[in-house]
Every structure is written in structure tokens, then in C-alpha cells.
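Step one of this worksheet: look at the structure below.
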Amino acid sequence: MIEDKNQSLTPLEELGEFGLIDHLTGSFKIEKESTVKGVGDDAAVIDYCDKQTVISTDMLVEGVHFNLAYVPLKHLGYKAVVINLSDICAMNAEPEQILVSIAVSNRFPVEALDELYEGIKIACQKYKVDLVGGDTTSSTSGLIISITAVGSVKKENQVYRGGAAEKDLLVVSGDLGAAYLGLQVLERENNVFKVNPNMQPDLAPYDYIVGRQLKPEARIDIISLLKELDVKPTSMIDVSDGLSSEVLHLSKHSGLGFKIYEEKIPLDPMVIRTADEFGINPVTCALNGGEDYELLFTVAQSDFEKIKGNPNLSVIGHAAEKNSENYLMLKDGDSAVKLTAQGWNSFERD
Ligand code: ADP
Ligand code: MG
């Protein structure tokens, strides 16, 4: 946490609410044609012409979703945007605008919010989305960030969770389990630091997985890739709560079961090595870890040739019969375990 030791830090009172909004949002540029009116009026105005509007919102609460002891505010701003854009991508839509609402206590100087908004701005630039509004209020304790993302999609390209048909192939982008293990490493190093503040963590051997935790990306590139390959998924979801939980969502909404194959689950070598170090099964990290923000989707078997061998895509299983259960087929070839949702649950007690 940034402390007020440094004289040059600016207390929030100095700017006031409206001054702060101007200060934080003034340098954001509007890029999208669809943005008719951005920050500054009572509401934003968006025009997608003939396309449908896709909207999603997510809230991040200090102490529940992030720990400022090891999450830099710039990364937090970036990640808060990305996790919302990921939801828009999971609808096969193009993210276009975001609204950012923050509740902050006065222990944060203006400079801390500048860091947060710097991360938000980098994400806006990278994903070509416009910041068109939000809300600013005070909080008596921690920091709360709520982001709403808006996107557009042609009606015929819309993809829902329910839509998978029997025998469709189940495909996932990228690799899984890394964000969870990155968090384990950060928490371990933070605990070491709390005991001995002179210990400097060496995160270099964990760069990929820590990066996956602190700076995830929304797979907008996969949406473009699928368009290029002329593949329209039959169902889709983003992997925010772990593979297991997401497969169960597709299953429930599509009214059929899935079989996924342990040896097909994509794992980075660093995930395998770090899981081993922590004495956990890397497949468990992929199934129950979450925060990977990859896309999980089904395609018709007739599309197999189009996606086959693509380094960004792994076929990890297939849809089975209507109303069947969901199974993980183990490496040994003849045993299977029923998939259960052990994904992150905000209301779960420790
Ligand atoms: P109102 O009182 O009508 O809700 P506000 O003063 O809250 O208006 O907001 C003024 C403008 O600034 C609006 O366009 C609003 O969407 C935008 N805004 C407010 N807070 C933020 C923020 N934290 N980030 C981005 N835009 C914001
Ligand atoms: Mg307001």
C-alpha cells in the first residue's frame, strides 16, 4: 500500500469528486465509431447500428478478490478491464466500451488512483475500447472496482453457453492452471516477506505463471482466429472459475454431458514444475484453479479439419448424450471421475 510518508502525495480531498473524475478520465481518448457520447454527461450514448448489444459487469473487492500487498494498482486496473472484456469475447462479440466505478477510502492518495487508471488506460488502448463513464464514491475501508463492459455482435454470430450438440468437440484456447499457481507463489512470497521484510522475493523462475495471475489477457485474438478459420462455436464460455466449473455450465445450459481427457488438458511446463513444488496435481490446478481467462467452446465435428493442429487451440473432449453426466477420463485409459464444481465460490467459508 502506498503510504503517506512522501510529501508529494496528493490527498483526494484536494481535487474533490468532480475534479478527481476529470483528472482520472481527462486523458482517455474516444476511438470507437460506436461511441456517440462518452464521459461527461448524465449518461453515455452508444450506437451499434444493426448489431446487438452485449453487456457484462464484474466487481472486484479489496481483501476478497485482490490483495494490495502484492498486486500493483496498475496491474489491478488492467486486470479489472480484461476480466470484463473476456466475458464479452465469450459471447463471440467485440468489446467496444467500458464504464468504471470505484469506491475509495481517503487512505488512497490521488497518485494511487493514477496508477489504477494507468492500467485501465493501457487495457483500453490494447483492446481498443473506450472508457465512456462510471461512478466515483467514497468507501470506509477498502477499494472496490466495478467495471461494466459493452460490446456488439451481429445477431447471426451470437454464441451462448447453451448450444452444444451431441458429439460436438470441446476446445480450449491457450493453457490452464497457471494463474492459480501464480497466486500460490505470490501468497507464499508475501508470507515470507511478512515474517522477514528483508527477504526480497525472486519471482524470475515463475515469470509466466505470476504474469498470468497479475496480467491476464482476454482472448479477443481467438475470436478473430475463429472468424478467419470460418468456425462458429456452437457454445462458449470463458474460463474464470476453473475448467471443471465451466464444463458444467456448458453442460447444464446445453442439456448434455461432456467427456474430457486428462492427457489433453493443455499445461505449461512451468505449471507442471510449480505444481510439483507445491505438491499438488497440475490437472487439479486446471480443473479447479480459475482466473485463466481462456475460452472454452464447442465446435461441430465437421469443423475439426479447420482447427486441427492450431497451436492456440486444444481439443480436450467432446459432448456425449443428452442428459448424461460429465466425466474426466484419466490417463490410464480405463478409469473416469465425475466432474464436480469446485470453482471459486465467493460465499465459501475458509
Ligand atoms: P451523476 O451525478 O450524473 O451520476 P457523475 O458526477 O457521477 O454524474 O459523473 C459525471 C461523468 O463522469 C459521467 O459521465 C460519469 O459516467 C463519469 N464518471 C464518474 N466517475 C467515473 C469514473 N470513476 N471513471 C470514469 N468515468 C466516471
Ligand atoms: Mg454518478
Side-chain angles (χ1 to χ4, degrees), residues 1-2 4 9-48 53-66 68 71-88 93-152 215-216 218 220:
M1 195 39 234
I2 298 177
D4 219 347
L9 293 180
T10 320
L12 288 178
E13 308 85 91
E14 205 164 288
L15 292 181
E17 186 190 334
F18 303 121
L20 179 66
I21 295 171
D22 287 345
H23 176 81
L24 294 177
T25 63
S27 67
F28 280 73
K29 297 208 167 41
I30 295 295
E31 304 280 358
K32 289 277 192 212
E33 228 169 85
S34 57
T35 306
V36 181
K37 182 85 200 173
V39 170
D41 216 306
D42 294 307
V45 180
I46 297 170
D47 183 1
Y48 294 144
T53 308
V54 179
I55 307 182
S56 179
T57 194
D58 258 305
M59 195 185 290
L60 294 178
V61 178
E62 185 180 350
V64 178
H65 301 103
F66 58 89
L68 289 177
V71 177
L73 281 159
K74 199 194 271 189
H75 287 77
L76 181 63
Y78 188 88
K79 181 169 175 173
V81 175
V82 161
I83 64 179
N84 278 280
L85 302 186
S86 177
D87 281 320
I88 302 294
E94 180 192 344
E96 305 230 24
Q97 286 86 14
I98 57 164
L99 294 101
V100 177
S101 297
I102 50 172
V104 270
S105 72
N106 55 13
R107 80 183 155 95
F108 287 85
V110 171
E111 286 74 8
L113 296 183
D114 284 343
E115 281 291 299
L116 181 75
Y117 268 72
E118 185 57 29
I120 292 173
K121 195 195 276 175
I122 294 170
C124 283
Q125 287 164 345
K126 163 140 194 196
Y127 291 96
K128 300 190 175 62
V129 295
D130 290 339
L131 173 72
V132 296
D135 201 19
T136 308
T137 181
S138 57
S139 145
T140 49
S141 55
L143 174 66
I144 298 172
I145 308 165
S146 170
I147 298 193
T148 300
V150 198
S152 68
K215 195 172 174 287
I220 198 169

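Order of listing sets the numbers, starting from 1, for every ligand and every atom in it.
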Numbering as shown, the atoms of ligand 1 that approach [X] to under 4.0 Å (heavy-atom distance):
X      : value
Asp42  : 3 (O)
Gly133 : 16 (O), 25 (C), 26 (N), 27 (C)
Val39  : 12 (O), 14 (O), 17 (C), 26 (N)
Phe18  : 6 (O)

Once you restrict to heavy atoms under 4.0 Å, what part of [X] touches ligand 1? Side chain, backbone, both or neither.
X     : answer
Phe28 : neither
Ile21 : side chain
Thr25 : side chain

Return yes when atom NZ of Lys32 has more than 12 non-hydrogen atoms of other residues, nucleotides or ligands closer than 6.0 Å, and no otherwise.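 Yes - once you tally the heavy atoms of other residues, nucleotides and ligands closer than 6.0 Å, there are more than 12.
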
Would you check if [X] and [Y] make a side-chain contact, meaning some heavy-atom pair closer than 4.5 Å?
X      : Y      : result
Val81  : Tyr127 : no
Asn106 : Glu13  : yes
Ile55  : Thr57  : no

Euclidean distance, Leu12 CG relative to His23 NE2, rounded to 0.5 Å: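 Taking NE2 in His23 and CG in Leu12, the distance rounds to 10.0 Å.
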
What distance separates Cys124 SG from Lys29 NZ, expressed to the nearest 0.5 Å?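 Answer rounded to 0.5 Å: 12.5 Å.
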
Assess whether a salt bridge exists between Arg107 and Glu62, defined as any Lys/Arg side-chain N lying under 4.0 Å from an Asp/Glu carboxylate O.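 Result for this pair is yes, salt bridge flagged.
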
Looking at ligand 1, would Leu24 count as a contact under a 4.0 Å heavy-atom criterion?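 For ligand 1, residue contact (heavy atoms, under 4.0 Å) with Leu24 is absent.
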
If we only count N/O pairs under 3.5 Å, is [X] in contact with ligand 1?
X      : result
Val100 : yes
Ile102 : no
Asp41  : yes

Working for side chain to side chain donor-acceptor pair (under 3.5 Å), residues Thr35 and Glu96: CA-CA 8 Å; Thr35 306; Glu96 305 230 24; over 6 Å; no

